[in-house]
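Each chain gets a letter, A, B and so on, in the order the sequences are listed, and its residues count up from 1.
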Amino acid sequence: MKTLKEISCGETVRVRKLSGQGAVKRRIMDMGITKGVEVFVRKVAPLGDPMEVAVRGYELSLRKEDAEMIEVE
Amino acid sequence: MAIKMALAGNPNSGKTTLFNALTGAGQYTGNWPGVTVEKKEGKWKARKDVTIVDLPGIYSLSPYTLEEVITRNYLLSERPDVILNIIDGTNLERNLYLTTQILELGIPVLVAVNRMDLVEKSKDRIQMDQLGELLGCEAVPISAQKGTGVLEAAEKAVALAQKQTSFALPYAFDERVERAIASVGERLGSDIPAERKRFFAIKLLERDDKIVEQIQTLPDVSDAIEALERTFDDDAESIITNERYACIASVLKSCYVKNETNRLTVSDKIDRIVTNRLLALPIFAAVMFLVYYVSVTTVGGWATDWVNDGLFGEGFHFFGYEVPGIPVIAERALQAVRCADWMQGLVIDGIIAGVGAVLGFVPQMLTLFACLGFLEACGYMARIAFIMDRIFRRFGLSGKSFIPMLIGTGCSVPGIMASRTIEQDRDRKMTIMTTTFIPCGAKLPVIAMIAGAFFDNSGWVACSAFFVGIAAVVCSGILLKKTKAFAGEAAPFVMELPAYHMPTAGALLQSMWERGFSFIKKAGTVILLSAVALWFLQGFGWVDGGFALLEEGQAEYSVLAAIGGILAPLFSPLGWGDWNMAVAALTGLIAKENVVATFGVLSGYAEVAENGVEIWSVLAAGMTAAAAYSFLVFNLLCAPCFAAMGAIRREMNNRNWFWFAIGYQTALAYAASFCVYQFGTFAATGTFGGGTAAAILVTAAFLYLLFRPDLELKRVYGKKKLGINI
């Protein structure tokens, strides 16, 4: 199972499932990363973390540690 | 009829611009009781009976962030007559997510679609009437920055407030979800009015534990939740969130056409360079240098020098005219009315000197706030967090903590106030507590004095002072992160990178003034009193068996000296148990550069150079190098000056947190200089005493606190996953 963390820059993936719970998960979902949505991985910060993705027409940054909770295909 | 209108919307949706456009300047700003979340209230310029409340910018009404909880508690308990929900037209989908939650509160809502000028420019099409119809409320186009449609929107909102018609949601979630909501809604008691049943039912389904406080008779809904979760094979919170986004997608499908031809916007182009893997750090360094250069070295520095040396000093030249400074004018005036000596001393040396020293920072601060306001409003601040997050989160700070620290090398006061831009409460508090460890400009004379008197002007003293400061920040971050006070779920770093845009000059000036003014007010109250109290302690004492105003050269008889004498034994384990050292450290509370001046006065010099070169030999004779370095470390790390303490008090907005910060700083300073002195003495003399053993114990305890496993974090993350790498 692939997670968003492993996706390289320039790829577009579809969210399958979100693992985890509580505030971090809710925040990720509130920001529009929900089941079935398309996520484009735009870039990774200069120091390797966090990453920047485009979702629902805007730019979002999240830590790789949190991106690990997002299963994609 | 008095009407209360609440402005709600996502961060960066243009809420504040709209608020300023509607209310004009000079509004009440403050914090919500007990927390540092901005609270703004103002009267509508056009109709004074309409009060407008600017709520914090939020993405959702979840129970997880302070801002969100404050907003929904406000909306539930204060019941504004109408909610003006401002949404960003260039980012409809995510902005409408909050709208779907606001619509459930049973309060009339007007949706104002902002940034219509940009929407039109990119040739996107939004059918307003249809959007309103599909959401079940009215939708109007506005551009807060250009000022178009703002008046109409406010008028429409007022009309809605006066009508107070109830409405039904035209859209619905999946019917299985709707059934669950209806079933929970029926179980709610009569204390929940019908129009708010949907909101509470959904919150109960989401297992929102904070909503429980708002409900009198709490029904048991676990069966409904379980049934729902079984059907969808997901947790209830996720199911509802999915449904909201699904509804938004279907609403937008019939009223919104996005122009797909021009994919790469200006913002994307800027970001390609600014957050580029290779260029990001150099650009960031250049931007930081520029901010520092403008606000501390040049514009702000000049203005501050002018206030300190001109306005609150000898005077200044104004187009060839000589204008005397405030102390000079005050002295002449007081002498003219033949005022008593002690009164003159109080006014000039106490009040004017004390408050002047603090107000001197105002120009520097205003320049800095203008720079920061610009970085924040244009969107670069979010990129700073993006670039720096990797480094700072390792010790419990945020990517944005870099700015307060950098500014803090100039002066801690604006540094502490710059922490405002950090959203996460925990990160912000941590930043406030640690910013003053970075040696500020006023500590440089102390460093120069110690380096000159004891270490042959060696460069490594100044260098090591900065190292001590940085080490204190890093260690405190790691150490405090593991304490109960800072425990709790790690704030998720899931952050929007807003599109770049040019802020208006008016908005910049307004944000600069709001922040600066709150500090000026502080200078007029608490700092004024502290200055007066310290002047009194320093200027009065017991001479010739009576209590009297002291004359020059009698400093050792002052009340302050007496206090110094009492405190001195406390400092003898640190190697400087002499009363005048204690007094010097105490006067450092007014301003750190006073430490040198106090030494001068106590050594019988009326005035000494900034680095105290005249008293080096006296100092060197009085104590060992280890003691001197310990004195330096103590002054670097202990409680900062009154101005900085005022800033800490204001930014913490909580008495307990303030005392915790000051106490922690002083305790750390004490422990660090104790170890410095004891180990330094051991290295120099080779005698192992009780003090050395105690220092080893202190170091061991410190190392334990630093490296112990993070129990609090494990507890929080325990359910999520183990073996997390911090």
- Salt-bridge criterion met for Asp271(B) and Arg42(A) (N-O under 4.0 Å): no
- Query: Considering all heavy atoms of both residues, which atom of Arg27(A) and which atom of Val494(B) are nearest to each other, and what is their separation?
  - Reply: NH1-O, 3.3 Å
- Would Lys35(A) and Asp234(B) satisfy salt bridge (charged side-chain N to carboxylate O under 4.0 Å, His left out), going step by step from the backbone distance to the final call? CA-CA 10 Å; Lys35(A) 227 184 260 184; Asp234(B) 208 343; 3.2 Å; yes
- Counting only N and O atoms by type, is there a donor-acceptor contact under 3.5 Å from the side chain of Arg26(A) to the main-chain atoms of Glu237(B)? no
- Just give me the residue among Asp88(B), Asp235(B), Ile391(B), Thr241(B) that pairs up with chain A most often, heavy atom to heavy atom, under 4.5 Å. Thr241(B)
- Where on Glu93(B) is there a heavy atom nearer than 4.5 Å to chain A: the side chain, the backbone, both, or neither? side chain
- Message: I want to check something: taking the side chain as every heavy atom from C-beta on, are Glu65(A) and Arg393(B) in contact at a cut-off of under 4.5 Å?
- Response: yes
- Query: Atom CG of Asn10(B) and atom OH of Tyr58(A): how far apart are they, to the nearest 0.5 Å?
  - Reply: 8.5 Å
- Query: Would you say Glu496(B) and Met31(A) make side-chain contact, with heavy atoms under 4.5 Å?
  - Reply: yes
- Task: Against chain A, label Gln101(B) side chain, backbone, both or neither, depending on which of its atoms sit under 4.5 Å from a heavy atom there.
- Result: side chain
- Quick one: ring pair (Phe, Tyr, Trp, His ring centres under 6.0 Å) partners of Tyr245(B), sequence neighbours excluded? Tyr97(B)
- Item | chain A-proximal positions within residues 275-285 of chain B [heavy-atom distance under 4.5 Å] | Thr275(B), Asn276(B), Arg277(B), Ala280(B), Leu281(B)
- Could you check Arg63(A) against Asp389(B) for side chain to side chain contact (heavy atoms under 4.5 Å, CB included), going step by step and ending with a plain yes or no? CA-CA 9 Å; Arg63(A) 287 181 183 159; Asp389(B) 177 65; 2.8 Å; yes
- Task: Identify whether the distance between the nearest side-chain nitrogen and carboxylate oxygen of Asp30(A) and Arg94(B) falls below 4.0 Å.
- Result: no
- Item | Minimum heavy-atom distance between Phe386(B) and Ser61(A), given as atom pair plus value | CD1-CB, 3.5 Å
- Task: Examine distances only and state if a side-chain atom of Arg390(B) and a backbone atom of Leu47(A) form a donor-acceptor pair shorter than 3.5 Å.
- Result: yes
- Hey, mind stepping through Ser238(B) and Lys25(A) against side-chain hydrogen bond (donor to acceptor under 3.5 Å, both in side chains) and telling me if it holds? CA-CA 9 Å; Ser238(B) 308; Lys25(A) 184 184 185 188; 3.2 Å; yes
